[in-house]
**Student:** 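The structure's right below; bear with me while I get my questions together.
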Amino acid sequence: TFGLVVAILSYVTALGEAVTIAHFPYYDFHDRDAMYKYGSIFYGLYFIVSFPMYLRIDEDVNEPRFTLSQTILDSFAASMIVTM
């Protein structure tokens, strides 16, 4: 269920950003529905990777805190996964 929640939240977040950006006067889309649908799916892939990584950083008070270098490495790892 955690994966399903992350996937739904990722799509909704990406769709919300797409709708917000679409109202910027300098953007023009040939097929707005396709942009909302497919653009949000592909942009949501970033959030599918990054949302669980944010959960890992400093969430459990019983675990030692993430160092700056661990945080940077996790950020780079998330970027690399999204790029693939």
Side-chain angles (χ1 to χ4, degrees):
T1 59
F2 177 73
L4 182 62
V5 169
V6 169
I8 292 170
L9 186 60
S10 297
Y11 181 76
V12 169
T13 302
L15 180 63
E17 287 194 25
V19 170
T20 303
I21 290 171
H23 295 296
F24 190 68
Y26 299 109
Y27 286 133
D28 184 35
F29 303 104
H30 297 290
D31 188 353
R32 192 172 297 270
D33 291 333
M35 187 271 301
Y36 288 148
K37 185 182 201 178
Y38 300 113
S40 296
I41 288 172
F42 286 104
Y43 186 44
L45 292 175
Y46 169 77
F47 296 115
I48 286 175
V49 172
S50 63
F51 282 168
M53 294 189 93
Y54 284 121
L55 184 64
R56 289 174 21 108
I57 299 173
D58 296 333
E59 285 297 324
D60 190 358
V61 294
N62 297 322
E63 297 281 327
R65 294 179 62 91
F66 263 44
T67 64
L68 180 59
S69 63
Q70 286 174 314
T71 305
I72 291 170
L73 285 175
D74 265 18
S75 300
F76 286 155
S79 296
M80 182 57 81
I81 292 169
V82 169
T83 302
M84 292 176 159

**Student:** By the side-chain hydrogen bond (donor to acceptor under 3.5 Å, both in side chains) test, which pairs, at least two apart or in different chains, include something from residues 4-24?
**Tutor:**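 As it turns out, the side-chain hydrogen bond (donor to acceptor under 3.5 Å, both in side chains) pairs with a partner in residues 4-24, which skip direct neighbours, are Glu17-Tyr43.
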**Student:** Treating Ile, Leu, Val, Met, Phe, Trp and Tyr as nodes and any side-chain heavy-atom pair under 4.5 angstrom as an edge, say whether Val6 and Phe47 lie in one connected cluster.
**Tutor:**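 Both belong to a single hydrophobic cluster.
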**Student:** According to a 4.5 Å side-chain heavy-atom criterion applied to Ile, Leu, Val, Met, Phe, Trp and Tyr, with indirect links allowed, do Ile41 and Val19 form part of one hydrophobic cluster?
**Tutor:**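 Ile41 and Val19: one cluster.
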**Student:** Atom OG1 of Thr1 and atom CD1 of Ile8: how far apart are they, to the nearest 0.5 Å?
**Tutor:**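 So the OG1 of Thr1 and the CD1 of Ile8 are separated by 10.5 Å.
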**Student:** Grab the two heavy atoms, one from Ser40 and one from Ala14, that are nearest each other, plus how far apart they are.
**Tutor:**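 The answer is O-CB, 3.4 Å.
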**Student:** Is Ile21 linked to Leu15 within one hydrophobic cluster, defined over Ile, Leu, Val, Met, Phe, Trp and Tyr using a side-chain heavy-atom separation of less than 4.5 Å?
**Tutor:**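 In one cluster with Ile21: Leu15, yes.
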**Student:** Are more than 12 heavy atoms from other residues, nucleotides or ligands located less than 6.0 Å from atom CZ of Phe29?
**Tutor:**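 Correct, the count exceeds 12.
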**Student:** For Tyr36 and Ala22, work out which heavy atoms get closest and say how close.
**Tutor:**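 Reported closest heavy-atom pair: OH-CB, 3.4 Å.
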**Student:** Are Leu45 and Met80 linked, directly or through other ILVMFWY residues, by side chains that come within less than 4.5 angstrom of each other?
**Tutor:**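 Per the 4.5 Å side-chain linkage, Leu45 and Met80 are not co-clustered.
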**Student:** Give the cluster check for Leu68 versus Phe76: same hydrophobic cluster or not, with ILVMFWY residues linked at side-chain heavy-atom distances below 4.5 Å.
**Tutor:**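 As far as the 4.5 Å side-chain criterion goes, Phe76 and Leu68 are connected within one cluster.
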**Student:** Does Tyr27 have any ring pair (Phe, Tyr, Trp, His ring centres under 6.0 Å) partners at least two apart in sequence or in another chain, and if so, which?
**Tutor:**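 Phe24.
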